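Shown next, in structure tokens, is the structure this report addresses.
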Amino acid sequence: MSLVKNIQKSLIDALTSIYPNPFSEKDFQINQTKDEFEGDYTIVLFSLVKSLKSSPELIGKQIGEHLITRYPELFTNYNIIKGFLNLTIADDYWNNLLHQHHHDNCFGKHAMNGKKVMVEYSSPNTNKPLHLGHLRNNFLGWSVAEILKANGYEVLKSCIVNDRGIHICKSMIAWQRFADGATPATTNKKGDHFVGDYYVKFNDEYKKEVKELVEKGMNEAEAEKNAPIMLATQQMLNDWEAGKSEVIDLWKKMNSWVYEGFDFTYKTIGSDFDKTYYESDTYLLGKDIVQTGLDKGVFFRKEDGSVWIDLTADGLDEKLVLRKDGTSVYMTQDIGLAKQKYDQYKIDQSIYVIGDEQNYHMKVLKLIAQKLGLPYANDIYHLSYGMVELPTGKMKSREGTVVDADDLVDEMIATAKHHTEALGKVKDFTTEELEVLYKTIGLGAMKFYLLRVDPKKKMIFNPEESIDFHGFTGPFIQYTFARIKSILRKETLTKNTKNESLLLPLEKEVLFTLEQFPSIISEAAKELNPSTLANYLFGLAKTFNSFYAEHSIGNAESEEKKQLRLQISVMTSTVLQSGMQMMGINVPERM
RNA sequence: GGUUCGGUAGCUCAGCUGGAUAGAGCAUCAGCCUUCUAAGCUGAGGGUCAUUGGUUCGAAUCCAAUCCGAAUCACCA
């Protein structure tokens, strides 16, 4: 049980034995005591004043006395300042915590709870390479999955590949017309970049054609519809849906190039999936559900034959679920796929890691599922995250203003190499060891940078100022870990005994922070927010570094102190490592 | 126009289930490596928490209005 829970419990006991009223943990607040006051945790007494009809000083004194006499193993002291009851936690509590958990690799993790969750993330289009926005999505999805696992959930990671549609045909048409048979192999280009170039080429050509038509006197909207290359693309989409073999073959060929590129990137950044869905397989799903909806009167058919749902009563609009020609729209297949996931895996919750531009779509999806009375409707959860923007505004792949994922990864690894070489601490490493290290640090910096911000907030990335390696960063935490490991190579933990000596303030501060790790993991899962973890780990590393600077471990005042500090170091390294792993970040033994 | 989200230090962000003098990192300035890794530590300066009003013993946090920014509201995906 966490310390805060312990305090809550003892406080309720104190209150109920002193006063006649019933109490719950909602009746008071427990905060960390501010540095300038003596104590560890603080009870705010004001909220109790009204119901107890007493002064804060008196209430505080009664509670304080009760707590230190009834729970001496938890509290040793108290003081009251202006309505705040500051409690000092007994050293013995910290010593017990350390004694029990310093060698516990599972500290903070929860036992399996029997619940199954699917996390869908990444979801790329097969017409262009991954960019910075995709990285945020991948790191978030991965991290949330790991955090849920640590909380006892069985997690399935899934990915829906957007591999069909007009946008895919655009790169296909451009390749047909302009490539002259070139392939990734003949041009020595990564497959996804190769295909992406033709997507850009399409748009250049399209713009040119539209301009020409407008110059000939056509209005812009007409020109956009009638540009020859667009007409050809439309035709290609029709041919694809009709199963025309040469189109299908081209589609397969170009997609395979893209997948080769994606596989490389996913491997580098450490993304993987238990199940991959392809839109070319799922795009017809959900049509049967439309019929059910019509039968139930949830949907209605317009005169032209199209099928809709009226959500105006819920403050939304009318939404199309089936076109007049009977073909399905995005919403249709999303409903179908949601059902398939549920049927296939019997999941208790389905988390979709999708950008906030789709908030409306996901809201409608859930609402439709609810109105249809589908059993999994309430278990659909949209983990919405903000876009990554440049100082100049949104990234647009069509205009080439994107930060490419592969480029950024390379740059980060190169920067890690640069820093490492400049410091010259690992000159004895082999080439292979160095490569692993550069990757660990470079990717660590990048992942931490993208995960430390609250997912739902949009973030600004300035490519001019490359991602930092100092301060509130991944390498800072990795460095703290490496430092501890360095000590542990020199000094050995010989005794597993419980400390009895008086704890110094910084020793206590590290223990105080370590104690919160289990609560942080729960909170991160509850909020589906890795930034909670990132902030915590940074705080822990910072506290440890202060402790490290102030107190010698190898040359401690006494053998007992040395063992105490080694235990603190071991436990800190374990927590740093397991926390970073939940963000998909490795920690190096040396750096 | 409707809906939703956001506005905190020069920059990037914490804090938001109301609590003590609003916190970090970067950047700037001043210190600390002949003992465990200086990718570190210690300190300084830097704020009308968008604005106005309200609720409260107490508001960055809750409510209302206003201003600014973003997303979205397609027989696109």
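For clarity, every value in this text was computed on a predicted model and none was experimentally measured. So that the names make sense, note that chain A is the first sequence line, chain B the second, and so on, each numbered from 1.
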**Q.** Along RNA chain B (nearest heavy atom to each residue), the more 5'-positioned of A:T420 and A:F547
**A.** A:F547

Q) Does A:Y330 lie flat on the base of B:rA77, that is, centres under 5.5 Å apart and planes under 30° off? A) yes

Q | B:rC11 to B:rA65 separation - C1' atoms, rounded to the nearest Å | A | 31 Å

Q: Quick one: sort the A:F547 and A:H551 rings into parallel, tilted or perpendicular, breaks at 30° and 60°.
A: tilted

(Q) Between P on B:rA20 and CG on A:L45, what's the gap in Å once rounded to a whole number? (A) 14 Å

Q | Short side-chain N/O contact to B:rG40 OP1/OP2 from A:H470, under 4.0 Å | A | yes

Q: Using a 4.0 Å heavy-atom cut-off across all strands, classify A:G554 as base, sugar-phosphate, or nothing.
A: base

Q) With respect to the side chain of A:K394, which nucleotide from B:rA71, B:rG40, B:rA14 is positioned closest? A) B:rA71

Q.
The side chain of A:R452 is closest to which nucleotide in this list: B:rA14, B:rU12, B:rA77?
A. B:rU12

Q) CG of A:D468 versus C1' of B:rA27: gap in Å, rounded? A) 10 Å

Q) Of the nucleotides B:rA39, B:rU37, B:rG25, which has the atom closest to the A:I487 side chain? A) B:rU37

Q.
With a 4.0 Å cut-off on N to O distance, would you call A:K225 and A:E220 a salt bridge?
A. no

(Q) Taking 4.0 Å as the cut-off, does a side-chain nitrogen or oxygen of A:R483 come that near to OP1 or OP2 on B:rA38? (A) yes

(Q) For a quick check, tell me whether the side chain of A:N359 and the base of B:rU72 share a donor-acceptor pair closer than 3.5 Å. (A) no

Q: Please determine if a side-chain N or O atom of A:K425 lies less than 4.0 Å away from the OP1 or OP2 oxygen of B:rA38.
A: no

Q | From B:rU72, B:rU35, B:rA14, nucleotide with atom closest to A:K457 side chain | A | B:rA14

**Q.** Residue A:S47, side-chain atoms from C-beta onward, closest of B:rA77, B:rA39, B:rG19
**A.** B:rG19

Q: Give the nucleotide from the list B:rC36, B:rA20, B:rA38 with an atom nearest to the side chain of A:S486.
A: B:rC36

Q. Counting only distance, no hydrogens or angles, is the base of B:rA20 paired donor-acceptor with the side chain of A:T42 under 3.5 Å?
A. yes

Q.
Expressed as a whole number of angstroms, how long is the span from A:K456:NZ to B:rC5:C1'?
A. 10 Å

Q. Picking from B:rU21, B:rU72, B:rC57, which would you name as closest to the side chain of A:Y360?
A. B:rU72

**Q.** A:K366 NZ to B:rU4 C1', straight-line distance once rounded to whole Å
**A.** 16 Å

Q: Taking syn as within 90° of 0 and anti otherwise, name the glycosidic form of B:rC62.
A: anti

**Q.** Check ion pair A:R323-A:D325 (N to O, under 4.0 angstrom)
**A.** no

Q. Are A:Y479 and B:rG40 stacked, counting the six-membered base ring, centres under 5.5 Å, planes under 30°?
A. no

Q.
I want to verify a distance call: between B:rU37, B:rA20, B:rA14, whose nearest atom is closest to the A:K34 side chain?
A. B:rA20

Q) Would you call A:F84 stacked on B:rG19, i.e. ring centres under 5.5 Å apart with the planes less than 30° off parallel? A) no

Q | Aro-ring/base stack A:F37-B:rA20, d under 5.5 Å, angle under 30° | A | yes

Q | Centroid-centroid distance, A:Y41 to A:F512, less than 6.0 Å | A | yes

Q. Taking for each residue the nucleotide of RNA chain B with the nearest heavy atom, is it A:Q333 or A:T473 whose nucleotide lies nearer the 5' end?
A. A:T473

Q) What is the distance, rounded to the nearest whole Å, between atom CD of A:E491 and atom P of B:rU35? A) 15 Å

(Q) Using the side-chain heavy atoms of A:K363, tell me which of these nucleotides is nearest: B:rU3, B:rA77, B:rG18. (A) B:rU3

(Q) For RNA chain B, please output the secondary structure as dot-bracket, reading 5' to 3'. Pairs are Watson-Crick or G-U wobble, both atom distances under 3.5 Å; mark crossing pairs with [ ], other-strand partners with |, unpaired with a dot. (A) ((((((((.[[[[.)...(...]]]].(((((.......))))).....[[[[[..)....]]]]])))))))....

Q. Whole-Å distance between B:rU72 P and A:L365 CG?
A. 18 Å

Q: Output all residues satisfying salt bridge (charged side-chain N to carboxylate O under 4.0 Å, His left out) with A:K561, sequence neighbours left out; order by chain, then residue number.
A: A:E507

Q) Over how many whole Å does the gap from A:R590 atom CZ to B:rG40 atom P extend? A) 19 Å

Q: Indicate yes or no: does A:K363 engage A:D314 in a salt bridge with an N to O separation below 4.0 Å.
A: no

(Q) Using a 4.0 Å heavy-atom cut-off, does A:H551 contact any base of the nucleic acid, only the sugar-phosphate backbone, or nothing at all? (A) base

Q) If you measure from the Lys or Arg side-chain nitrogens to the Asp or Glu carboxylate oxygens, is any gap between A:E279 and A:R164 under 4.0 Å? A) yes

Q: For residues A:G471 and A:F476, report the shortest heavy-atom separation together with the two atoms involved.
A: O-CB, 3.0 Å

Q: May I ask you to check whether A:F469 and A:Y479 place their ring centers less than 6.0 Å from one another?
A: no

Q.
Rounded to whole Å, how long is the line connecting atom CD of A:E36 with atom C1' of B:rA22?
A. 12 Å

Q: Return the nearest nucleotide to the side chain of A:S546; candidates are B:rA71, B:rU37, B:rC41.
A: B:rC41

(Q) Would the base of B:rA39 count as contacting A:T480 through its side chain, where contact means a donor and an acceptor less than 3.5 Å apart? (A) no

Q: For the pair A:D356 and A:K458, find out whether any cationic side-chain nitrogen is under 4.0 Å from an anionic carboxylate oxygen.
A: no

(Q) Taking donor-acceptor contacts at under 3.5 Å, does the side chain of A:N86 reach the base of B:rA20? (A) yes

